Amino acid sequence: MDKYQPQDIETAWYQKWEAQNYFAPSGNGSPFSIAIPPPNVTGTLHMGHAFQHTLVDSLIRFRRMKGDNTLWQMGTDHAGIATQLIVTEQLAAEGIKPSDLGREKFLEKAWQWKEKSGGTISKQLRRLGASLHWQTERFTLDEGLSRAVLEVFVRLYEDDLIYRGKRLVNWDPVLKTSISDLEVESEEEKGHLWHLRYPLADSDDQYLIVATTRPETMLGDTAVAVHPDDERYKSLIGQEVLLPLTNRRVPIIADHYVDQTFGSGCVKITPAHDFNDYDMGRRHDLPMINVFNDDASINDNAPEKYRGIDRYAAREAILKDLDNLNLMEKVEDHMMAVPRGEKSGVVVEPFLSDQWFVRAEPLAAPAIKAVEDGDIEFIPKNYENNFFVWMRNIQDWCISRQQWWGHRIPAWYDSDGAVYVGRSEQEVRDKHNLADDVALSQDEDVLDTWFSSALWTFSTLGWPDKTPELDTFHSTDVMVTGHDIITFWVSRMIMMTLKFVGEVPFKKVYVTGMVTDADGQKQSKSKGNGLDPLDIIDGISLDDLVAKRTDSLLQPKMAARIEKNTRKEFPDGIKPYGTDALRFTFYSIATRSRTIRFDMNRVEGYRNFCNKLWNAANFVFINTLEHDVSADHTPDVIDRWIVTELNHTVEIINQAMETYRYDLAAKAIYEFIWDEFCDWYVELTKPIVNSDASAEIINAKRFTLLSVLEQTLRMAHPFLPFMTEEIWQQIPTAIRGEGATIMREAYPECNAKLVDQAAKNDVAWIKDVVTGTRNIRGEMNISQGKPIPIIFYNGGAEDKIRLDAYQTLLEFLIRPESITWLQENDNKPPASTHLVGDMQLLVPLAGLIDTSAELARLDKEIDRKEKDKTRIEGKLGNPNFVDKAPDAVVQKEKDKLADISSALDRLREQRHKIANL
RNA sequence: AGGAGCGUAGCUCAGUUGGUUAGAGCAUCGCCUCGACAAGGCGAGGGUCCUCGGUUCAAAUCCGAGCGUUCCUACCA
């Protein structure tokens, strides 16, 4: 075999698998299905995606090999706001505004962009080895899914679970659309707190002081509120202030919401521009004066002077005017949470507008129950708390967006503004007996992207039709996702699916940790710390990486810092590690932790691991391929041992996959392949395979080498799909069978009959003898090549039997000058000692070892044992321990003490002898 | 402010119902080109399991408080 070069094998295998249709459900076995969290159609894969999909792929491949009828449903999301934003930006580059084009032409452009860039994510998924069922790929805006959306909207409306109303919503003044609470990100920013004087209306010199961070909203104030128990202001309640600059009279009201201790204890109330004030306004029946246009400039409800200017310019003007009127008490610096639109990055405004809402509470109740009852299980379980907290305080969901790219709301208005909802204009006309000459116009808005995503598990399977796919694969088995979209998506899928399908969308929710950079920072374009999984697979030069990270930044001034950090973190760029290594890294770091720091050193380590497996396979082939291994063979103890270890590993993996502990599965595979198969089994076969032993004995070795390798490949395939396939294909069909692909072979099962404890004990003895000798060599600086005499002293009958059986192996591994067996009363030379149970393994000092070095080595060992002895004696000397601890625990300590005591005796005796030389 | 998570070797992390000599990988330090593999082999060093207190015969593990850190939710205008 050539050197391990992942790029030589990976893409070719994926193409073959896909061409052969191996990703399709087999049609046999019990159904197992997972719906992919739909990536944005025009998006690219980031590390978090790669992580999730890699985990899912192992599960899919695992279940497929287990014989399940396995479906991994592919699909993409139209990503309303994000896509519209990109298309708008592209048009802007050409100097075109969306309004120049109009709705139809704009949507044409958007579809063109989708066709052009929609393939990126698919290519990336293929490079990851994701065994998705591409043939039934769906898109949230395709005909079928749009029909599902329509159906759901209409039925919800008919059930009074959707309504339209004028409400305060989060408004993005750049995108000019409402956005959901979840799409708003608040971060602490420096601001100011202005203390303003509001003169009392019926007094010449008295005024109230109100504090605000948003002085420009004062133009829309409709009250000033104080706490009802506040002695300072009690007498003023019911009076009025004269709102500066507008000369409106607004009442002083009392409300428990007001905190007497903050600021002056007086709050200006602007119901149209603040969520708390909105609530208060409704409680007190205050007028709501909206002073903003949809781009957050001041509108005609404000004094003429300020009309048409932007909110921040207006702020400056207002502050200046107030100051001139001597109405500015003071200004303080103030830290506050500023809400910004996730997509645009601009400060969002609470804005009064007509919107559509889903009544969430009635839908939430069954969803909560499904989780409470265990019909849906979160893994790790503590995420259920997040879910419950969210669901029990759920707010109505604003589903309308003032955008073009998305599902248009199926509502029509007549000239009087009456609203009709239906699957089509014709249906509306028929249902309401509207004559053809009644003009109807459809609602201009589209639905929130998450509305269609919420139907994902069943809409992709053909709903509202009753399809065989829906019947077979719904509910899906597990949803793998990040914790950040539990509220966005997971909870809404549960609500909608229960409502429309009457069953849960998935039985389990596996919540992955969030992949961060090496410093624990969230990866993002703006921070310039993101990694493209493909760059780890294919490698990238430092300059290209810097260019990629600093290209088209929103804040170009960050570029220098990003470049510096990147050059520091990746001085040589990124080497090509291959998909298998990247995948194995993901499994290894998939612990229960919430955040996962991605460390390139680990990728390198697992690339080395792939190389190790590759070379081990190479060894096996060199020693077997020229020979017929189908002849008779009887496995010896060593063979039975490695089979035992293999079975043990299979058992661990099965258990790990049941509990979604990918890290433990990866660890078990790593340790089996490297620590057991490569370090010991392969080494133990060498003296036999290359010896003049009988054909039957050698054949047994060759058979076991191939057969264990073959099983190992199947065992590792869900995690390392490419290299396992490549190697597996080279295994003789006499061993692997006639199958065309490892993908569709059976996953190894643990066979209890093949577990051989005696073989394990024998190999443990061999390991002990060998490592003991190596330890002496290492610590005494005796080179590996130098033959040394070894004495087995005071061994028991079992030791003798083992020595006789394994002498050839020991000679190969230890390379001794001689091996001598001495009885208890034989004279032994001064020697360096290692204990193997009661037996002493001796390497005579003569000519090899410095006495003082050996004394130091013995002292270290004696010291270690003495500490243990003291600790255990302490335990056993404590009557409470002996009385109360379980007998087994006490006995274990007693056994340990006996072993240590006897070992100490021997070591001390040895030390005494050497000291007296 | 409320809720949750985390704090174990220089770094990144395992440690599942309390009983292990507290482990792994990377990094470090020796030695080794012996035909699978230097992307390697062999060996070694390295820990107050954040702190304090409690429960227990026994605590990295359970409980409480504190410190540090991350995230979520709600925000005081």
Side-chain angles (χ1 to χ4, degrees), chain A residues 1 3-4 186 193-194 210-214 217 225 257-259 261-264 266-270 274-277 334 336-337 380 382-383 385-386 389-390 393 483-484 486-487 514 516 518 520 522 575 577 581 588-589 591-602 604-623 655 659 661 663-664 667 670-671 675 678-679 682-683 686 690 770-771 774-785 812 815 864-865 867-868 871-872 875 878-886 888-890 892-893 896 900:
Chain A
M1 279 164 57
K3 274 190 77 162
Y4 174 57
S186 292
L193 192 57
W194 287 273
V210 297
T212 180
T213 57
R214 305 276 328 265
T217 64
Y257 161 77
V258 179
D259 178 355
T261 63
F262 188 89
S264 63
C266 302
V267 192
K268 64 189 269 306
I269 301 301
T270 324
D274 181 283
F275 287 101
N276 289 310
D277 293 4
H334 183 71
M336 54 184 203
N382 52 305
Y383 283 103
N385 292 330
N386 288 14
V389 168
W390 168 259
N393 299 294
H483 66 88
D484 49 336
I486 290 178
T487 44
M514 197 177 64
T516 69
K522 197 171 173 174
K575 282 184 254 176
Y577 292 113
S588 302
I589 62 181
T591 64
R592 286 179 183 157
S593 162
R594 285 175 71 102
T595 55
I596 293 159
R597 293 179 188 222
F598 192 84
D599 181 358
M600 203 60 74
N601 289 322
R602 290 193 71 160
E604 179 148 348
Y606 294 119
R607 190 275 317 261
N608 295 353
F609 169 66
C610 291
N611 185 53
K612 188 76 179 175
L613 174 56
W614 183 265
N615 285 307
N618 188 35
F619 170 86
V620 173
F621 292 145
I622 287 169
N623 286 287
Q655 204 176 343
T659 50
R661 289 301 303 269
D663 59 324
L664 298 183
K667 191 171 175 234
Y670 185 97
E671 287 175 350
D675 299 345
C678 293
D679 284 354
V682 162
E683 294 305 315
K686 284 178 182 173
N690 298 314
V770 172
T771 47
R774 283 174 180 168
N775 176 280
I776 292 171
R777 265 191 203 274
E779 296 214 14
M780 297 305 153
N781 268 327
I782 304 169
S783 82
Q784 314 272 311
F812 178 82
R815 299 188 191 278
R864 222 179 261 164
K865 291 241 175 348
K867 274 187 191 149
D868 284 350
R871 193 175 46 81
I872 296 172
K875 265 191 187 178
N878 179 349
N880 275 328
F881 173 71
V882 182
D883 290 349
K884 293 191 180 174
V889 173
V890 176
K892 204 171 150 195
E893 294 297 318
K896 256 195 268 178
I900 288 173

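Chain naming here is simple, since letters A, B, ... match the order of the sequence lines and numbering starts at 1 in each. Predicted model, so just to flag it, every value in this text is computed and none were measured.
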Enumerate the protein-to-nucleotides 53-63 of chain B contacts in which both atoms are nitrogen or oxygen and the separation is below 3.5 Å.
from: B/rC57; atom 1: OP1; to: A/Lys884; atom 2: NZ; distance (Å): 2.4
from: B/rC57; atom 1: O2'; to: A/Asn878; atom 2: ND2; distance (Å): 3.1

Contacts of [X] that satisfy side chain to side chain contact (heavy atoms under 4.5 Å, CB included) - sequence neighbours left out:
X        : value
A/Lys867 : A/Asp863
A/Arg774 : A/Trp680, A/Val770, A/Leu813
A/Asn615 : A/Asn611
A/Asn880 : A/Asn878, A/Lys884

Would you mind reading off the distance between [X] atom [atom1] and [N] atom [atom2], rounded to a whole angstrom?
X        : N      : atom1 : atom2 : value
A/Arg777 : B/rG43 : CZ    : C1'   : 12 Å
A/Tyr670 : B/rG23 : OH    : C1'   : 14 Å
A/Glu779 : B/rA44 : CD    : P     : 6 Å

For [X], what residues pass the salt bridge (charged side-chain N to carboxylate O under 4.0 Å, His left out) criterion, not counting sequence neighbours?
X        : answer
A/Arg661 : A/Asp663
A/Asp868 : A/Arg871
A/Lys686 : A/Glu683
A/Arg864 : A/Glu861

Nucleotide-resolved protein contact map, nucleotides 30-41 of chain B, B/S/- at heavy-atom distance under 4.0 Å: S-----BB-BSS

Sugar-phosphate or base contact per nucleotide [nucleotides 3-18 of chain B; S, B, -; heavy atom under 4.0 Å]: --S------BSSSB--

Filtered N/O pairs between nucleotides 75-77 of chain B and protein, under 3.5 Å:
from: B/rC75; atom 1: O3'; to: A/Asn276; atom 2: ND2; distance (Å): 3.2
from: B/rC76; atom 1: OP1; to: A/Tyr257; atom 2: OH; distance (Å): 2.9
from: B/rC76; atom 1: OP1; to: A/Asn276; atom 2: ND2; distance (Å): 2.4
from: B/rC76; atom 1: N3; to: A/Asp259; atom 2: OD2; distance (Å): 2.7
from: B/rC76; atom 1: N4; to: A/Asp259; atom 2: OD2; distance (Å): 3.4
from: B/rA77; atom 1: OP1; to: A/His334; atom 2: NE2; distance (Å): 3.1
from: B/rA77; atom 1: OP2; to: A/His334; atom 2: NE2; distance (Å): 3.0
from: B/rA77; atom 1: O3'; to: A/Thr212; atom 2: OG1; distance (Å): 3.2
from: B/rA77; atom 1: O3'; to: A/Thr213; atom 2: N; distance (Å): 2.6
from: B/rA77; atom 1: O3'; to: A/Thr213; atom 2: OG1; distance (Å): 3.4
from: B/rA77; atom 1: N6; to: A/Asp259; atom 2: O; distance (Å): 2.8
from: B/rA77; atom 1: N6; to: A/Phe262; atom 2: O; distance (Å): 3.2
from: B/rA77; atom 1: N1; to: A/Asp259; atom 2: N; distance (Å): 3.4

